[in-house]
Protein chains: 2
Amino acid sequence: MKQIPIPSRRRLVTLSQILQQLKKNGARVTSSEISALTGWSDATIRRDISLLCVHSGRSNGYEVAALREAIAAALDIRAGNGGKRCCIVGLGPLGSSLLSGTAFSGSAFSLAAAFDTSMNRIELLDSDIPLYLTTELKTVIPAKEITLAVLCVPDQIAQEMADRLVSFGIRGIVNYTNTILSVPDGVTVENANVVTALTRIVGASGSSL
Amino acid sequence: MKQIPIPSRRRLVTLSQILQQLKKNGARVTSSEISALTGWSDATIRRDISLLCVHSGRSNGYEVAALREAIAAALDIRAGNGGKRCCIVGLGPLGSSLLSGTAFSGSAFSLAAAFDTSMNRIELLDSDIPLYLTTELKTVIPAKEITLAVLCVPDQIAQEMADRLVSFGIRGIVNYTNTILSVPDGVTVENANVVTALTRIVGASGSSL
DNA sequence: GTCTGTGAAGAGGTTCACAGCC
DNA sequence: GGCTGTGAACCTCTTCACAGAC
C-alpha cells in the first residue's frame, strides 16, 4: 500500500472523528467545509484524502459515510471484531474513571482487562471489565492478545511498569503519568496527561497566553 | 526573538520533562545521551538546543539545570508566580480525579478553579481548589485571569461549553471529551482523551499492532 | 580525542494553480 | 458555476559533515 505521511495520518484520524459527529450522514461534504471546521487548508485536505486512493468525490464533495469507511480502512481503525483489545494499568481515581462510563463505547477499541497492584482496590470496584492483579499481566496480556495499554499508575513506577508491559507484548501505551517513558523501537507512546497537554498548548502557540 | 519551529518546540517540551526526571542534576548531558533516551537523532537535538541561543555546552555536553532553565525561558513555561492559571470544567469521575492528587504539582501550572453544573456534586466534593457552578464561569474566569481550561464534560455539551469558555477568555483547552472541538483562530485545543490517544497510536505506527 | 554549533544538502509536507469532471 | 485530483513549486524541517572549542 501507498505510504501515508504521519501528519496526514493524524489529520485523517481527526477527520474521521469529525465525520462521525457530523449529523448529516447521508449527505456529502466538501474540502472547504472541512477546512472551515478544522483550519487546515482545503488543498491539504484534498491531498490527504487523495492518498486514500478512493476517488469517490469527483466535483461533488465526498460522501460522508464512504469517506469515513475509507479512512478507517486505510488506517486500520475499523471497529470490527469488537476492535483492538486494550487494557488499563493502575486503577486509582483516573484509571477507574475510564472503567465505568462510556470512554471506549463506539470506538475502534475494546477494553479487555484492567490491572492494579492492590487486591483491595480490585474488590471494591464494581465493573463489567475483568480486573486482575498486576502479577497476572504476564499471563493475561498474551492470553487475551492485548496489544495496547493505558498507563495510570503512580509516576514513580511508570517506567518500570512500561518495561514490563512491553516485555509481555504491549506495542502501544497511552501514558497518563507525568513520567516520560523510554521504550524500544517498535513501541509507540502517546502522552496524554494534563501537564503535558497544557505544556504543549503553551509551548506550541507563540506563547504568552 | 528567533522563531522556533513547532516540531522543535514539542521536542523541547519533552526534553525539559526528561531533564527534570534525570536524577543527575549537577551533571552534564550530551546530545547522544538524549538521543539514546528519546530516539531522536543527535543532530536534531543539537539543532533544537542551538535555537535557544544559549551556547552553554561547547564540547562538553549541556549542564542539565541550565538547559532546563533555558528551555523553560524560551517556551515561557517557567513555574514562577505559581504558574499559569487553569481550571477544570466538569467534575465527573475524570474531572474530579484531577482535583485531588498531584496532577499539577511541580508543574508550570496552577489549578485556580473548577466548575460543574451540579451544585450537588460540588457540595459532595472535598477539595482545596475553589469549586463553582458553571453559571459563574463568566465572572470567575476573568476575575482570576484564567487562560487555560481542562474540559471533562459529557460529549454532548462539549462544543457548547468550549464556545462559552472561549467567549469568557480561555485561550487553550485540554480536551478530554470524545468530541472534536471547533474553535476560532488563536485558541489551541489539545485532545487527550483515551480513544483519540489510542487511535493516534494505531494510525501513526505503520498499523497492525 | 570528544563534543557542540552550523552552513549546506537533502527529505518531507504543504500550497499553488489548473486540468478535468459534474 | 463549483468541486476534486495532482504535477510542480515552494517551504519547512532534518540530517550530513565538518570547523571550532575544550
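We name chains A, B, ... by the order of the sequence lines, and we start the count at 1 in each one. Heavy atoms only: backbone and side chains are in, while hydrogens, waters and symmetry mates are out.
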Practice problem: For A:N193 and A:T177, indicate whether the former's side chain and the latter's backbone hold a donor-acceptor pair under 3.5 Å. | Solution: yes
Which atom pairs, donor and acceptor, lie under 3.5 Å between side-chain atoms of residues 134-142 of chain A and protein residues at least two apart or in another chain?
unit_1, atom_1, unit_2, atom_2, d
A:E136, OE2, A:L133, N, 3.2
A:T139, OG1, A:E136, O, 3.1

Quiz item: How far apart are the closest heavy atoms of B:S96 and B:L91, and which atoms are they?
Solution: OG-O, 3.7 Å
Quiz item: CD1 of B:I49 versus P of C:dT6: gap in Å, rounded?
Solution: 12 Å
Self-check item: Closest approach of B:S31 to B:I45 (non-hydrogen atoms, all atoms of both residues)
Solution: O-CD1, 3.6 Å
Quiz item: Is a side-chain donor or acceptor of B:R9 paired with a backbone partner of B:I4 at a separation under 3.5 angstrom?
Solution: yes
Quiz item: Looking at the side chain of B:T30, which of D:dT6, C:dG5, C:dC3 is the nearest nucleotide?
Solution: C:dC3
Practice problem: Using a 4.0 Å cut-off on protein heavy atoms (strictly under), produce a 5'-to-3' string for nucleotides 9-22 of chain D with B for base contact, S for backbone-only sugar-phosphate contact, and - for none. | Solution: ----SSB-B---BB
Quiz prompt | Nearest non-hydrogen partners of A:L52 and A:A74, listed with the distance | solution = CD2-CB, 3.5 Å
Quiz item: What integer distance in Å separates A:L51:CG from D:dT4:C1'?
Solution: 14 Å
Quiz item: Looking for any heavy atom pair under 4.0 Å, which part of the strands does B:S31 touch: base, sugar-phosphate only, or nothing?
Solution: sugar-phosphate
Quiz item: Between the axis at one end of the helix from C:dG1-D:dC22 to C:dC22-D:dG1 and the axis at the other (five pairs apiece), what's the angle to 10 degrees?
Solution: 10°
Quiz item: With a 4.5 Å heavy-atom cut-off, do B:T14 and B:T38 have their side chains touching?
Solution: no
Exercise. Please name the pair of heavy atoms, one in A:G95 and one in A:I88, separated by the smallest distance, quoted to 0.1 Å.
Key: O-CD1, 3.9 Å
Self-check item: Whole angstrom value for the distance that separates P of C:dA19 from NE2 of A:H55
Solution: 20 Å
Exercise. May I have the distance from B:L52 (atom CG) to C:dT4 (atom P), rounded to whole angstrom?
Key: 14 Å
Exercise. May I have the distance from B:I45 (atom CD1) to C:dC3 (atom P), rounded to whole angstrom?
Key: 13 Å
